[in-house]
Amino acid sequence: MSWNKPYGRDGIVAALDALVADGTLPGDLSYERITVETPREEGHGHVAINAAMVLAKPAGLKPRDLAEAIAEKLRSDNAVTKVEIAGPGFINITLSDNVWFNELTQILQAGTDYGSSDMGAGEPVNVEFVSANPTGPMHVGHGRGAAFGESLSTLLTKAGYSVTREYWVNDAGAQIDKLSQSLHLRYREALGEDIGEMPEGLYPGDYLVGPAKELADKDGDQWLAKDESEWLGVFRRYAIDAMMDLIRADLERLGIRFDVFTFESSMVDSGKVQAALDSLTDKGLLYTGVLEPPKGKKPDDWEPRPQTLFRSTDFGDDVDRPLIKSDGSWTYFSTDIAYHWDKYQRGFKTQINIWGADHGGYVKRMQAAVKAMTTGESGGEGDLDVKLCQMINLMENGEQFKMSKRAGNFITMADVVDKVGKDVFRFFMMTRKNDAQLDFDLQKVTEQSRDNPVFYVQYANARICSVLRHAAETFGEDALTPEALSGADMSRLEDEAEKVLIMQMANWPRIVESAALAHEPHRVAFYLNDLAAGFHGLWNLGKDNTQLRFIVEGDQELTRARMALIRGVSLVIASGLDVFGVTPVEEMR
RNA sequence: GCGCCCGUAGCUCAGUCGGAUAGAGCACAGGAUUCCUAAUCCUGGGGUCAGAGGUUCAAAUCCUCUCGGGCGCACCA
């Protein structure tokens, strides 16, 4: 059993239950605010518990007295070597070395599954991300959302949730008409016409040239003389297919595949938008009203206008939101309500959306809509978390990279990924919190130095592989597999630095759970950086003290134990990198 | 004017569910290489956690206000 069970929350709860049983504590206490954590300070043992401070008041006891009572229960465990009461009532537990040795054995037995958790209990979670409009190739900002969404999805899977990766395709708006018109111009061009400059408002990128040629080859000039009303539908379908192919290829570059693509048009065509609005009507949440003009920034063409409004203010929004445009068609918000309602009906009570930060103003109304649609439903109230990804500053050698479509130096995500590599891109996107801006320097991210976390972590793994290759000359490769090494005598790992490294590894399952709960995959990147630092530090200890080198001449048992140690580090690194879809390298080039 | 995000060392950033003396990297000063990759490591200085109140055993973290920065603000997606 992993140390995280008996010496995590479960263990302390058992001790508290025992105190309830013998009458020391009342039975109606809430354990909710109790935390069990790894103390920062070395002198505070391996596990710190705040239970005595949290429970003292409701139990009518002094914190330190209660702490002593709890400590007494914990002392009966023979794997616990020391229990101390410290500060205002912390209980600090020190565990025996065997706990850590045993943990290393378990890491080797579990392999890259170490850290996986059943916390999510198979609960379905829908992660909707990228959802870039199908009007061109992905740009760098989309890439951040893609990397974030995919890593979060993998992380949640590791934590035991049943994740569906979903892409919402906006194929129904005015922008798609612009795209279709652009494609028609390219089509005329492909048939020999000089179209000159692409008119303002249309899409000038050359990515429509190829699809236009294909269309010209396939259909000939039959759409040339026809009226727009006749060809628009055909070109729209064709353009969307071509752009989605483009986007799928971009996603493939990042190693990302979606489980579901949902098309906005399908929401409309299937009547689900109307059904969603009907449902809101039934709940009495729609009315006709006139909105106040926005203060401070009044649009030039603003006029008081009666509109169909949704009472989103009843659910935490700032103003009620219009659902029907002046021309009678649905607003984007309407189709989005239908879409989120549809996701809920497909069984996703928990939904996560990854958006660009420029859509931040949209969060409240969407959450309000989910709340309105799902309260009182048999499946329980839906929960929508929206993670906003901040902008990326693309840089080159410390200078801001100026992009303009006109100057022709517009850089797509594909350009960047082709330049720096998928793994670097995927990992680097996780080295900042999603809501912090990210400087992405095309030079620095491929630099081989301490301040490049991608390199630093990979280098640690490469060093481990190097040592294992050397050891294989003595032991043979078969003796160095995780399975074989799990039988090593770990108690030979007597140095404090070695034990600290095991403890770092032993924290991995908790990182997975806490990062998954918080929907913050970046924590994995910082953890890996710390773990790599722990390893590099131990490596260099061997420079000062020959006895601390991993391969010790004349002591095969010790060497074996150390191979187990670094193999464990390598496995945890691999498990962590897996969250980012990054492959560990065995050699630096 | 309103809403959301942010403000932590000179710079770039972490900081777990509110926990004990707030941590890394860069930069700066010094040191380690007959040895498995020095592409690394070790030591040191450096802080009013933007500011002011509040909540409590305990606040960088939660609440209120002020200041400063970014994003958004009827029918666009």
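Chain identifiers are assigned alphabetically (A, B, ...) following the order of the sequence lines, protein sequences preceding nucleic acid strands; residue numbering begins at 1 within each chain.
For B/rC57, the OP1/OP2 oxygens have a side-chain nitrogen or oxygen of A/K57 closer than 4.0 Å. In terms of phosphate contacts, A/H470 brings a side-chain nitrogen or oxygen within less than 4.0 Å of OP1 or OP2 of B/rU37. Residue A/R523 has no polar side-chain atom (N or O) positioned under 4.0 Å from OP1 or OP2 of B/rA14. Between A/R40 and B/rA20, a side-chain N or O to OP1/OP2 separation shorter than 4.0 Å is present. In terms of phosphate contacts, A/K543 brings no side-chain nitrogen or oxygen within less than 4.0 Å of OP1 or OP2 of B/rC36. For B/rG15, the OP1/OP2 oxygens have no side-chain nitrogen or oxygen of A/Y527 closer than 4.0 Å. Taking side-chain N and O atoms only, A/W539 has no distance below 4.0 Å to OP1 or OP2 of B/rU37.
If you check B/rA20, B/rG19, B/rA14 against the side chain of A/A436, the one that comes closest is B/rA14. Here the side chain of A/Y362 is nearest to one of B/rC26, B/rU40, B/rA77, namely B/rA77. Listed candidates were B/rG19, B/rC75, B/rA77. Nearest to the side chain of A/R305 is B/rC75. Here the nucleotide nearest the side chain of A/R450, chosen from B/rA38, B/rC41, B/rA74, is B/rC41. Side-chain atoms of A/P322 lie closest to B/rC75 of the nucleotides B/rA77, B/rC75, B/rU37. For A/K325, counting side-chain heavy atoms from C-beta on, the closest listed nucleotide (B/rC5, B/rC75, B/rG25) is B/rC75. Nearest to the side-chain atoms of A/H536 among the listed nucleotides B/rC41, B/rG15, B/rA74 stands B/rC41. Picking from B/rG19, B/rA20, B/rC6 the nucleotide with the shortest atom distance to the side chain of A/T35 gives B/rG19. Considering only side-chain atoms of A/R463, the nucleotide from B/rC76, B/rC36, B/rU37 that sits closest is B/rU37.
Annotation: B/rC6 and B/rG15 have their P atoms spaced 11 Å apart (nearest Å). Here the separation of B/rA52 from B/rC76, taken at their C1' atoms, is 42 Å to the nearest Å. Only the C1' atoms considered, B/rU43 is 38 Å distant from B/rG68, to the nearest whole Å.
A/A48 comes within contact range of at least one nucleobase, with a heavy-atom separation under 4.0 Å. Looking at heavy-atom distances under 4.0 Å, A/A172 makes no contact with the nucleic acid at all. As judged by a 4.0 angstrom heavy-atom cut-off over every strand, A/E447 is placed among residues making no nucleic acid contact. Across all strands, A/E292 comes closer than 4.0 Å to no nucleic acid atom at all (heavy-atom distances). In this structure, A/R321 reaches neither bases nor backbone, as no heavy-atom distance under 4.0 Å exists between it and the strands shown. Within the 4.0 angstrom heavy-atom criterion, no nucleotide atom of any strand lies near A/D317. Contact annotation for A/V290: no contact, since no heavy-atom pair falls under 4.0 Å across all strands. Among the heavy atoms of the strands lying under 4.0 Å from A/G173 are primed sugar atoms or P, OP1, OP2 only; no base atom is included. Base contact: A/R33 has a heavy atom under 4.0 Å from a base atom. Here A/H522 lies in heavy-atom contact (under 4.0 Å) with sugar-phosphate atoms only.
An aromatic stacking contact links A/F90 with the base of B/rA20, defined here by ring centres under 5.5 Å apart and ring planes under 30° from parallel. With its ring centre under 5.5 Å from that of the base six-membered ring and a plane angle below 30°, A/H44 counts as stacked on B/rA20.
If you look at A/F535 and A/F550, their ring centroids are closer than 6.0 Å.
If you check the side chains of A/N461 and A/S570, you find a donor sitting under 3.5 Å from an acceptor. Between the side chains of A/Q175 and A/T135, no donor N or O sits under 3.5 Å from an acceptor N or O.
Using a cut-off of 4.0 Å between Lys/Arg side-chain N and Asp/Glu carboxylate O, A/E37 and A/R510 are scored as not salt-bridged. Here A/D555 pairs with A/R492 in a salt bridge; the nearest charged N to carboxylate O distance falls below 4.0 Å. Salt-bridge annotation for A/E166 and A/K343: absent, with no side-chain N of the basic residue lying under 4.0 Å from a carboxylate O of the acidic one.
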